[in-house]
There are 2 protein chains.
Amino acid sequence: MSVDVGQVFAALSDPHRRHLLETLGDHPHGATATTLALPLPVSRQAVDRHLRVLERAGLVSSARRGRETLFAVRPEQLTRSAAWLTDLGKRWDRRLERLKNTAESGGTP
Amino acid sequence: MSVDVGQVFAALSDPHRRHLLETLGDHPHGATATTLALPLPVSRQAVDRHLRVLERAGLVSSARRGRETLFAVRPEQLTRSAAWLTDLGKRWDRRLERLKNTAESGGTP
DNA sequence: TCGACGTGCAACGCGATGGTTGCACGTCCC
DNA sequence: GGGACGTGCAACCATCGCGTTGCACGTCGA
């Protein structure tokens, strides 16, 4: 909770962050920023900042273990955002359905 | 089709654009940028650019009628993005479920 | 036809964002 | 304890996105 859908969408708008999320899905135990940055053409700090953005959006969680920080996915926020999207879609469909019925029952003047 | 989910999420990340989408839902016949900008504290051009972004993301459609341009919602892309989100969520859940089972059946070495 | 209205495009300023590098702190291993 | 490793933070620069204004073009109505 307490996280705006806007932050989630902003986090998901970046291709690098989406890639990080996909990769993190393959590491359910969690992965460090250094490990994730290894095959990428960007620096460790950049990946770290991306992970911070994802964390602020509630999409990943960070847990420090010893001298390394493990990041792991957190499905709840993603589910919430998906629900937001489907809700908006449903409202649209309902409006369009009403419009269609109105048109059939007599009136687009 | 041919629209990236990144564009959709980037479009949805802005509060003004989300508000425009909500408002457009109340005008199934379509609305002009000037009309939409009236109650807002931003200029008509700003609203127009927001609508262009939404159009590029495939979330709204523009149709010129005479000297005015009507914008209307287009639910398909929104449905697609919602599906993308739920799919990613499902994959995560599946991974986490597997992890849980693995842990129970004996092994986190 | 001519004035009025509405739109689209270009140029500009400003703040946010993404990327880099360098350095200080905490933690593991010998 | 001491060196090595990994992380977090700050400063700096380039780029992008948002908002503004001004102007030219197309379209409606008298």
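Because the structure is predicted, anything quoted here is derived from the model rather than measured. Residue numbers start from 1 in every chain, and the chains themselves are labelled A, B, ... in the order their sequence lines are given, proteins ahead of strands.
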From NE2 of His16(A) across to P of dC16(D) the rounded distance in Å is 14 Å
Separation of Asp14(B) atom CG from dG19(D) atom C1', in whole Å? 11 Å
Got a list of side-chain donor-acceptor pairs under 3.5 Å for residues 61-68 of chain B, not counting sequence neighbours?
residue  : atom : partner  : partner atom : Å
Ser62(B) : OG   : Glu55(B) : OE2          : 2.7

Taking only the side-chain nitrogens and oxygens of Ser43(B), find out if one of them lies under 4.0 Å from OP1 or OP2 of dG19(D). no
State, with a plain yes or no, whether a side-chain heavy atom of Leu59(B) is found less than 4.5 Å away from one of Val73(B). no
Base, sugar-phosphate, or nothing: which does Pro15(B) touch, judged by heavy atoms less than 4.0 Å apart? nothing
With a 3.5 Å cut-off and just heavy-atom distances, do the side chain of Arg17(A) and the base of dG18(C) make a donor-acceptor pair? no
Separation of Arg44(B) atom CZ from dA10(C) atom P, in whole Å? 14 Å
Whole angstrom value for the distance that separates P of dG6(D) from CG of Leu51(A): 17 Å
If you take all heavy atoms of Ser81(A) and Val5(A), which pair is closest and at what distance? OG-CG1, 4.4 Å
Check the phosphate of dC9(C) against Arg52(B), side-chain N and O only, distance under 4.0 Å to OP1 or OP2. Yes or no? yes
Only pairs at least two apart or in different chains count here, so list each salt bridge (charged side-chain N to carboxylate O under 4.0 Å, His left out) that has a residue in residues 5-16 of chain A. none
For the pair Asp87(A) and Arg80(A), find out whether any cationic side-chain nitrogen is under 4.0 Å from an anionic carboxylate oxygen. no
Leu40(A) CG to dG19(C) P, straight-line distance once rounded to whole Å: 10 Å
With the side chain defined as heavy atoms from C-beta on, Arg49(B) is closest, among dG18(C), dA11(C), dT20(C), to dA11(C)
Between the side chains of Asp4(A) and Arg18(B), is the shortest nitrogen-to-carboxylate-oxygen separation below 4.0 Å, so that they form an ion pair? yes
DNA chain D contacts made by residues 53-72 of chain A, counting heavy atoms under 4.0 Å: Arg64(A), Arg67(A), Glu68(A), Thr69(A)
Given that Gln45(B) and His50(A) both sit by DNA chain C, which one's nearest nucleotide is further toward the 5' end? Gln45(B)
Do Trp84(B) and Leu54(A) sit in the same hydrophobic cluster, where Ile, Leu, Val, Met, Phe, Trp and Tyr count as joined when their side-chain heavy atoms come under 4.5 Å apart? yes
When you measure from the side chain of Val42(B), which nucleotide among dC18(D), dT20(D), dG8(D) comes out closest? dT20(D)
